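Have a look at the structure below, then the notes.
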Amino acid sequence: MKILYATSEAGPFIRTGGLGDVSAALPPALVKEGQEVAVILPLYEEIPSSFRNNMEFIGNTTVPLSWRRQYAGLYKYVQQGVSYFFVDNEYYFKRKAIYGHFDDGERFAFFSKAVLELIPLMGFYPNVIHCNDWQTALIPVMLDAFYRKAKGYTNIKTVLAIHNIEFQGRMSSYVIDNVFGLPDEFASIVEYKGDANMLKGGIEAANKVITVSPTYANEILDPYFSYGLEHILHERKYKLQGILNGIDVDLYNPEKDKALFKNYSYKAISNKKANKKGLQKLVGLPVADVPVIGMVGRLAGQKGIDLLTRVLKEILSMEVQLVVLGTGDWKYENALKEAEKQFPTKLNAAITFSADMASKIYAAADMFLMPSKFEPCGLSQMIAMRYGTVPIVRETGGLKDTVEPFNPEKDTGVGFTFKSYDAYDMLDAIRRAVTVYYEQPEKWDIIVKNGMSKDFSWNKSADEYIMMYKNL
Ligand code: ADP
């Protein structure tokens, strides 16, 4: 099967979060299972020159976008058996930051159209186009509106993967004609509640809609999680499916990760301790054998930072240290920086994006806190378990699907969980974890090992994806 994977970010070229991780890992996992896979993404300014200098220029074309005629260059780079194609247009993509521009709708409408327009130049006529999030959600719509009758396009099937339904590409309905250039009979597909909504268009037009965990696939049918799309999703429930993400177990490997102070494995787990010492020294916390709670992630409402700030004092009144790494909402960044001044011997907050520092925290921490309000899948909790760090999570989305609560009678389970989005329920879960850490170290070791021995590799998910493509 030939699968064209369209995405707005893919590691190691460019990555701002979970989508970049998934786009880096799923395509090579599909290739390993014998599929032919090409990935296509924009050629952003921020893609390092070490990659750019080794790309092959394939050709260029003109992309019609309503009344515009825009240049699209095509570059190619092959890695791990996957062909990566890059769409070049300096007007749209030669900018600092890959998202957050006033014309993001136009930028990604252009990219979506370019993907379809460039198929002949790629020489890769796919059986399936796998789209991701709102940025590429217009591809199924544009395929039906403009390309269905063209040679090689007639039988292409489309999949839309929703990594986070909060972000929908919503803007004034004026763009439907003026930017997307969609004919009147397609306007209602992307129109929603008086606006243009790119994600909704994709949900309507794609043959299959995937979310990144089974629990999240159910949750988004509920208005609490759906950000207004529950009616559409109910109507399209027959094509909705949840497939859990994996993680790149070669990249996230405590035995080989070069960022660590000391490498370790399941068998030589005592070496993990050197990482705690190393991190404490690095960030200026007292070097002590107290449980270190780590957090790595976007500082956004979604991630439950409100719960953290609400009971921060109570958490830090325990014999623990808290190390946070993240960027995002200025109010959370400020709150954490202020709290750090107040609790200099207990809290360290690094407001930056650093893969090196993230690895150091995953390895150094004893516990990993992820109290998300909602979590489509979540990768951080799986990375934490891979590094022998015990997750404390709220039972939602992929967190519920990956973190089985510890059962002291049967010695099963991998972490500590709580149900309600409530700061004191979270505090209770942290207290339970800290109590086991101090009072039952032998049980603690079991939890750590249960987590480390779980298989979070992409193999299983890749098989599920292939089955889903085949069924299409
Ligand atoms: P989301 O996609 O909602 O941001 P995920 O848990 O699915 O959350 O994926 C987050 C990924 O981004 C993880 O690999 C995590 O380690 C990484 N990450 C998040 N924030 C940072 C940061 N400040 N520095 C380094 N890596 C980060």
Side-chain angles (χ1 to χ4, degrees), residues 7-12 14-26 97-99 132-135 161-167 211-213 215-216 219-220 225 227 242-254 257 259-260 279 283 294-305 308 323-330 332-333 336-337 348-365 368-387 389 391-394 396-403 415 456 458 461:
T7 179
S8 57
E9 54 180 274
I14 185 104
R15 167 178 165 253
T16 67
L19 174 60
D21 281 36
V22 174
S23 303
L26 176 57
I98 70 172
Y99 310 127
N132 293 282
D133 283 346
W134 70 267
Q135 290 93 339
I162 301 177
H163 299 261
N164 191 334
I165 206 163
E166 182 179 359
F167 308 112
T211 64
V212 287
S213 71
T215 296
Y216 191 62
E219 285 175 343
I220 56 172
F225 293 97
Y227 283 85
I243 300 179
L244 198 63
N245 283 335
I247 55 168
D248 183 336
V249 290
D250 293 325
L251 182 68
Y252 297 114
N253 181 353
D257 190 334
L260 305 199
L279 184 75
V283 303
M295 279 183 97
V296 177
R298 288 181 293 118
L299 300 177
Q302 177 203 334
K303 298 290 176 184
I305 313 295
L308 178 73
V323 180
V324 185
L325 171 67
T327 56
D329 202 324
W330 66 268
Y332 299 129
E333 293 184 352
L336 285 165
K337 275 295 168 201
N348 178 268
I351 307 299
T352 171
F353 192 97
S354 157
D356 178 84
M357 191 64 183
S359 278
K360 287 187 164 72
I361 294 175
Y362 287 123
F368 190 84
L369 182 60
M370 205 161 164
S372 305
K373 191 167 193 182
F374 66 94
E375 195 58 74
C377 176
L379 302 174
S380 302
Q381 81 281 11
M382 292 192 262
I383 303 172
M385 286 185 262
R386 175 108 174 105
Y387 283 73
T389 302
I392 303 170
V393 305
R394 189 165 102 79
T396 183
L399 296 175
K400 188 170 176 188
D401 292 337
T402 54
V403 182
F456 293 117
W458 270 99
S461 321

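The structure presented is a predicted model; accordingly, all values stated were derived computationally and were not measured. Read the numbers this way: they start at 1 and go in the same order the structure lists the ligands and their atoms.
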In the protein, what heavy atom is nearest to [atom], and what distance, to one decimal place, separates them?
{"atom": "atom 4 (O) of ligand 1", "value": "R298 NE, 2.9 Å"}
{"atom": "atom 19 (C) of ligand 1", "value": "G297 CA, 3.6 Å"}
{"atom": "atom 22 (C) of ligand 1", "value": "F353 CD1, 3.4 Å"}
{"atom": "atom 2 (O) of ligand 1", "value": "G18 N, 2.9 Å"}

- Examine ligand 1 and decide if any of its atoms is less than 4.0 Å from a heavy atom belonging to G378.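 Contact check G378 vs ligand 1: positive.
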
- If you measure from each heavy atom of R15 to ligand 1, is any distance below 4.0 Å?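 Per 4.0 Å heavy-atom rule, R15 contacts ligand 1.
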
Which atom of [X] lies closest to which atom of [Y], heavy atoms considered:
{"X": "K373", "Y": "G301", "answer": "CB-O, 4.2 Å"}
{"X": "N245", "Y": "S461", "answer": "C-OG, 3.9 Å"}
{"X": "E9", "Y": "G20", "answer": "OE1-N, 3.2 Å"}
{"X": "L279", "Y": "K360", "answer": "CD1-CB, 4.2 Å"}

With a 4.5 Å heavy-atom cut-off, do [X] and [Y] have their side chains touching?
{"X": "R386", "Y": "P254", "result": "yes"}
{"X": "K303", "Y": "L308", "result": "no"}
{"X": "T352", "Y": "M357", "result": "no"}

Quick one: does ligand 1 sit under 4.0 Å from the side chain of [X], the backbone, both or neither, non-hydrogen atoms only?
{"X": "S380", "result": "both"}
{"X": "F374", "result": "neither"}
{"X": "M295", "result": "neither"}
{"X": "S354", "result": "backbone"}

Which of the atoms in ligand 1, numbered in the order shown and given with their element, are less than 4.0 Å from a heavy-atom of [X]?
{"X": "Y362", "answer": "15 (C), 16 (O)"}
{"X": "Y252", "answer": "14 (O)"}
{"X": "G326", "answer": "23 (N)"}
{"X": "A358", "answer": "25 (C), 26 (N)"}

- Near-ring test F374/Y227, centroid separation under 6.0 angstrom: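 Y227 vs F374: aromatic centres under 6.0 Å.
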
Could you check which of [options] puts a non-hydrogen atom nearest to [atom]?
{"atom": "atom 6 (O) of ligand 1", "options": "D248, L379, I383", "value": "L379"}
{"atom": "atom 1 (P) of ligand 1", "options": "K303, Q302, H163, E375", "value": "K303"}
{"atom": "atom 23 (N) of ligand 1", "options": "V296, D21, T352, V212", "value": "T352"}

- May I have the step-by-step check of side chain to side chain contact (heavy atoms under 4.5 Å, CB included) for S380 and Y362, ending in yes or no? CA-CA 9 Å; S380 302; Y362 287 123; 3.2 Å; yes

- Task: Identify which one of I383, V296, L260, L251 satisfies the side-chain contact (heavy atoms from CB on, under 4.5 Å) criterion when paired with S359.
- Result: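 Among the candidates, only L260 passes.
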
- Task: Please check if any side-chain donor atom of D257 sits under 3.5 Å from a side-chain acceptor atom of Y387, or the reverse.
- Result: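 Yes, a side-chain donor-acceptor pair sits under 3.5 Å.
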
- Going by distance only, is there an N or O of G17 that falls short of 3.5 Å from an N or O of ligand 1?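 No, no N or O pair falls under 3.5 Å.
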
